[in-house]
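Inspection log for the structure reproduced underneath, given as structure tokens.
The model shown is predicted, which means the values in this text are computed figures rather than measured ones. Residue numbers run from 1 in the order of the sequence given.
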Amino acid sequence: MRVLVVTAVDAERDAVVRGATALGSMPSGGAGESAEPVAPAEPVELAVPGFVLRRPAPGPEPLVIDALAAGVGPAAAAAGAATALAAAALSGSPYGLVVSAGIGGGFTTPGRSAAVGSVVVSDAIVAADLGAETPEGFVPVTDLGFGTVEHRPPAALVRAVAEAAGAQRGDVLTVSTVTGTAERAAALVAARPAALAEAMEGFGVAEAAAAHGVPVLEIRAVSNPVGPRDRAAWRIGDALEALSGASAALRAALRAAPPETWGSSSDTCGSSPACGTRETRSTSES
Ligand SMILES: O=C(O)c1cccc(C(=O)CC[C@H]2O[C@@H](n3cnc4c(=O)[nH]cnc43)[C@H](O)[C@@H]2O)c1
């Protein structure tokens with residue numbers, strides 16, 4: 001299977017490549033075996049129009065992981081993901097999974113919270129601010145009769161990756177404006193009580209994946225709490241380290257839980273018109 005991991009910036013992409021390469025360099029069974037690891041091979045660079053993909057050295061399993069830094073925000077993420085997906089489909093080797101990965105903010109809710117340095121795997125990828133402001137409050141685009149505001153990864157895959165990564169599962173919100181007040185953080189959680197993390201790219205990646213009929217997942221390593229702006233509280237190094245670990249876990253989970261175990265109930269596309277008909281999605285559904 002081929003997997004496309006989309007990050008915002010180079011530092012995140014490199015953390016993903018480091019993690020995915022570490023397990024790939026194990027001689028046979030992966031992490032935990034006593035045999036000496038071989039020296040990891042250098043990642044390979046591949047050009048797609050407008051972007052460069054990095055491919056960690058492959059492991060023994062028939063799994064190819066490509067990592068792409070597409071830029072910050074949902075529009076850049078969607079453009080990068082869609083370009084790579086289209087190039088792969090046209091080359092006759094479509095991706096079987098797309099992952100939005102990077103650092104993010106962690107919510108603190110009455111029931112549970114995502115601490116700095118921890119990892120969140122998405123039960124749902126949610127466009128939290130896609131809609132209209134009205135005198136009665138925020139109205140999501142779906143209530144206006146358009147599109148979708150949520151994509152749901154295959155539940156079995158979410159469980160497998162979260163377990164392998166020692167991560168929490170929860171909703172990951174995509175915002176175009178980083179939350180900077182306690183009031184806004186509380187409003188987001190009130191609208192979406194299962195929210196555990198916030199970032200700026202997941203929904204864009206998910207829309208591109210849905211347009212190609214490919215399952216999607218989001219992994220966020222928490223670099224800061226969601227709430228009042230406090231740059232001094234950021235722990236980007238710790239989060240990138242956690243992202244690396246989660247990328248190794250992703251590779252291990254995909255070995256243990258290949259696509260045929262994900263079940264047929266993935267509602268990645270939901271009712272989104274972006275998914276099109278089965279015919280328009282057929283290039284990557286084999
Ligand atoms: O200047 C600020 O106060 C500020 C606060 C949080 C994040 C930023 C960014 O510019 C980071 C954007 C980048 O990192 C991801 N990210 C990390 N933490 C968050 C967050 O709390 N909310 C949303 N996005 C976050 C994001 O996906 C971008 O790729 C600036």
Over all atoms of both residues, closest heavy-atom pair of A78 and A208
O-CB, 3.8 Å

Is there side-chain contact between I125 and V216, with at least one heavy-atom pair below 4.5 Å?
yes

Between R18 and E241, is there a side-chain N and carboxylate O pair less than 4.0 Å apart?
no

Would you find a donor on one side and an acceptor on the other, under 3.5 Å apart, between the side chain of W262 and the backbone of V158?
no

With distance as the sole criterion, is a donor-acceptor pair present between the side chains of H151 and E218 under 3.5 Å?
no

Taking the side chain as everything from C-beta on, heavy atoms only, tell me whether V52 gets closer than 4.5 Å to L46.
no

Kindly say whether S118 contributes a backbone atom to a donor-acceptor pair with the side chain of Q168 at under 3.5 angstrom?
no

Report yes if some heavy atom in the side chain of R54 is under 4.5 Å from a heavy atom in the side chain of V44; otherwise report no.
no

Test side-chain contact (heavy atoms from CB on, under 4.5 Å) on Y95 and R2 and set out the steps.
CA-CA 5 Å; Y95 290 106; R2 299 184 70 198; 3.7 Å; yes

Counting only N and O atoms by type, is there a donor-acceptor contact under 3.5 Å from the side chain of S113 to the main-chain atoms of A115?
no

Cluster overlap L130 with F138, hydrophobic side-chain contacts below 4.5 Å:
no

Any carboxylate oxygen within less than 4.0 angstrom of a Lys/Arg side-chain nitrogen, looking at R152 and D123?
no

Rounded to the nearest 0.5 Å, the CG atom of N224 sits from the CG atom of D230 at a distance of 9.5 Å

Tell me whether L157 shares a hydrophobic cluster with V99, the cluster being built from Ile, Leu, Val, Met, Phe, Trp, Tyr side chains joined at under 4.5 Å.
yes

Just so I know, are the side chains of L53 and V48 near enough to count as touching, which here means a heavy-atom distance under 4.5 Å?
yes

Side-chain donor/acceptor of T21 to backbone N/O of V17, under 3.5 Å
yes

Is E12 reaching over with its side chain to a backbone N or O of A69, donor-acceptor style, under 3.5 angstrom?
no

Do the side chains of V116 and P225 get nearer than 4.5 Å, heavy atoms only?
yes

For the atom pair OG (S223) and CG (L240), what is the distance rounded to the nearest 0.5 Å?
8.5 Å

Could you verify whether a donor N or O on one side chain and an acceptor N or O on the other, from T174 and E201, lie under 3.5 Å apart?
no

Could you walk me through whether I219 and V120 pass the side-chain contact (heavy atoms from CB on, under 4.5 Å) test, one step at a time?
CA-CA 6 Å; I219 300 174; V120 176; over 6 Å; no

Minimum heavy-atom distance F51-L68, with the two atoms named
CB-CD1, 3.4 Å

For the pair T109 (side chain) and R112 (backbone), establish whether a donor and an acceptor sit closer than 3.5 Å, ignoring hydrogens and angles.
yes

Do P215 and V98 come within less than 4.5 Å of each other through their side chains, counting heavy atoms only?
no

Please give me the minimum heavy-atom distance between A76 and V72, naming the atom from each residue.
CB-O, 3.8 Å

Any I103 side-chain heavy atom under 4.5 Å of V222 side chain
no

Donor-acceptor pair, side chain of R13 and main chain of A8, under 3.5 angstrom:
no

Please tell me whether V172 and V175 are part of a single hydrophobic cluster in this structure, the criterion being side-chain heavy atoms less than 4.5 Å apart.
no

May I ask you to check whether S100 and R220 show a side-chain donor-acceptor distance below 3.5 Å?
yes

Inter-residue atom distance L243.CG - T7.OG1, 0.5 Å rounding:
8.0 Å

Which value, rounded to the nearest 0.5 Å, describes the distance between T179 atom OG1 and L173 atom CG?
8.0 Å

If every non-hydrogen atom of A221 is compared with every non-hydrogen atom of A239, which pair is closest and at what distance?
CB-O, 3.2 Å

I'd like to know if V161 and L63 are part of one continuous hydrophobic network [Ile/Leu/Val/Met/Phe/Trp/Tyr, side-chain heavy atoms within less than 4.5 Å].
yes

Do other residues, nucleotides or ligands put more than 12 heavy atoms under 6.0 Å from the CD atom of E260?
yes

Trace of the side-chain contact (heavy atoms from CB on, under 4.5 Å) decision for R55 with V64:
CA-CA 7 Å; R55 179 172 296 167; V64 170; 3.2 Å; yes

In one Ile/Leu/Val/Met/Phe/Trp/Tyr side-chain cluster, 4.5 Å: F146, V149
yes

Quick check for you: to the nearest 0.5 Å, what is the distance between L85 atom CG and L90 atom CG?
11.0 Å

Report the distance from atom CG of D129 to atom CE of M200, rounding to the nearest 0.5 Å.
9.0 Å

Over all heavy atoms of both residues, which pair between V126 and F203 is shortest? Give the atoms and the distance, please.
C-CD1, 4.3 Å

Taking all non-hydrogen atoms of both residues into account, name the closest pair between I65 and P56 and its distance.
O-CD, 2.8 Å

Please assess L4 against L97 for the test side-chain contact (heavy atoms from CB on, under 4.5 Å), listing each intermediate value before the final yes or no.
CA-CA 6 Å; L4 174 66; L97 174 68; over 6 Å; no

For the side chain of T148 and the backbone of E150, is there at least one donor-acceptor N/O pair under 3.5 Å apart?
yes

